[in-house]
Amino acid sequence: MNKTFYNVSTRTSVTEITKTALVAALYVAVTTVLAVVSFGAIQFRLAEMFNYLALYHKRYIVAVTLGVIIANFMSPTWPIDVPVGGLATFLVILLCRAVTKKIKNDITKMAVTALIFAFSMFTVAGQLSILYHLPFFYTWYTVALGELLSMAVGGVIMNILKKKIDFTK
Amino acid sequence: MMDKLIFGRFIPGDSFVHRLDPRAKLIFVFAFIFIVFIANNTATYAALLIFTILIILLSRIKLYFLINGLKPILILMAFTFFLHIFFTKEGDILYHWKFITIYEEGLRQGIFISVRFLVLVFVTTVLTLTTSPISITDGMEVLLNPLKKLKLPIHELALMMSISLRFIPTLMDETDKIMKAQTARGSDLTSGPIKERIKAVVPLLVPLFVSAFKRAEDLATAMEVRGYRGGEGRTRYRQLKWHVRDTIAVLSIVVMGAVLIYLRKYS
């Protein structure tokens, strides 16, 4: 085979594009089909565990952001949710990657990510307080608590999952 | 399965709004969000409400479709309405019964916020109901094109979005199938101790990820074989055309903005 005809860089980038797109699609599918797995009083969004993926490969930064953008299109207030949610997710993921870069222990990495995501829920609380005039701090507190729970359960699942699938490739 | 997805709730049709270019519709909706916040008194909110009704009429979408998909939002709206009515304590007292006192200002605020929300939600929903997800993606790609100068890979992002949209229904079906397959093997997601239920999710996700990655590999090979070489110089299968009606739609929102500013000042 004549190697000059086989452009390695194009090949990788096309695969990157399709893999990113498919993971984004999977995010949306999981968000809608397995919308809420409820554990009694605790409602937990399974798709939140996708946030951890970005820690393993930078491809998932775009994949998760894109997934959030498409999923947010389902909301009736999407012209606000899509840009705000998309941008917030993107920035928070970048922040998580930067902060956890030097942490060696995987569990600590995940815990820090979960805490940052829970803290970042002020974007959702801000939106709710502007649109519906709901009290900001109370909304932030409840949304952040829900997020933290979702991320905790998601972390446990991700921990088992990453032993079976290599997300770094 | 698809009815869960508002994005997939696109209703094909041939109304004025359906035929508008997706770029015009996107500009319209984003401008609409801005002008909604200009409104501050009865006249402006009434004007917005009339404008919204006109848009719904032009789109020929049945009100039933609109309201049906928006039930959860309407409940939240009712909740905020009552929150304002019972907790704003300004203006004259309109009604008093035991511990319930309704003030004029509370009623006014409640109605204003509800109307603002209603028009916002209706107009954006009309857009998603009259535009296919793929045209929204095409429209966004063109509108975001100037960002290419900032080295943002707009073409690649739009392509990823189109691929995602194409595969969402496929992966949703697959999730459903795997769920049924695992249930048939005795896996239980709905009862038992929390630890067991969390564990039950793993056999669901592993095949899903594996299959998504396999599809991605196959698709990449297919694209390579067909000679995909990135955005530069690529021609389009779906062409966007700007018509006079699109200019009219964009102008209408400008006029509406001007009317609202006038009403805000002089009424």
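Lettering of chains follows the sequences in order, A, B, ..., and the numbering in each one begins at 1.
- Heavy-atom distances place both the backbone and the side chain of L26(A) under 4.5 Å from chain B.
- Heavy-atom neighbours of K148(B) NZ from other residues, nucleotides or ligands within 6.0 Å: above the threshold of 12.
- Contacts between F81(B) and chain A at a heavy-atom distance below 4.5 Å are absent for every atom of the residue.
- Proximity to chain B (any heavy atom under 4.5 Å) is restricted, for F167(A), to the side chain, taken from C-beta onward.
- The salt bridge (charged side-chain N to carboxylate O under 4.0 Å, His left out) contacts involving residues 135-156 of chain A comprise R45(A)-E147(A), where partners must be two or more places apart or lie in separate chains.
- The contact between I33(B) and chain A is made entirely by side chain atoms (from C-beta outward), counting heavy-atom distances below 4.5 Å.
- Between F209(B) and F50(A), the ring center distance clears the sub-6.0 Å criterion.
- Side-chain atoms of T128(B) and T125(B) include no donor-acceptor pair closer than 3.5 Å.
- A cation-pi geometry, defined here as NZ or CZ lying under 6.0 Å from the six-membered ring centre and within 45° of its normal, does not hold between K162(A) and Y56(A).
- The parts of F167(B) that come within reach of chain A are both its backbone and its side chain, each placing non-hydrogen atoms under 4.5 angstrom from that chain.
- Interface summary for chain A: among L204(B), T170(B), L127(B), V202(B), the most heavy-atom pairs under 4.5 angstrom belong to V202(B).
- F213(B) is not listed as a side-chain neighbour of L22(A), based on a closest heavy-atom distance of 4.5 Å or more.
- Ranked by heavy-atom pairs under 4.5 Å with chain B, the list L66(A), V156(A), V23(A) is led by L66(A).
- Between chain A and the residues L208(B), V29(B), V123(B), the most heavy-atom pairs under 4.5 angstrom are made by L208(B).
- Proximity to chain A involves both the backbone and the side chain of L219(B), based on heavy atoms less than 4.5 angstrom apart.
- For the set V62(A), I160(A), L161(A), I80(A), the count of heavy-atom pairs under 4.5 angstrom toward chain B peaks at L161(A).
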Solution key, residues 111-121 of chain B side-chain donor-acceptor pairs under 3.5 Å, sequence neighbours excluded:
from    : atom 1 : to      : atom 2 : distance (Å)
S114(B) : OG     : G110(B) : O      : 2.7

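- Looking at heavy atoms from C-beta onward, V92(A) lies in side-chain contact with F117(A) at the 4.5 angstrom threshold.
- Contact of K19(A) with chain B is made through backbone and side chain together, with heavy-atom distances under 4.5 Å.
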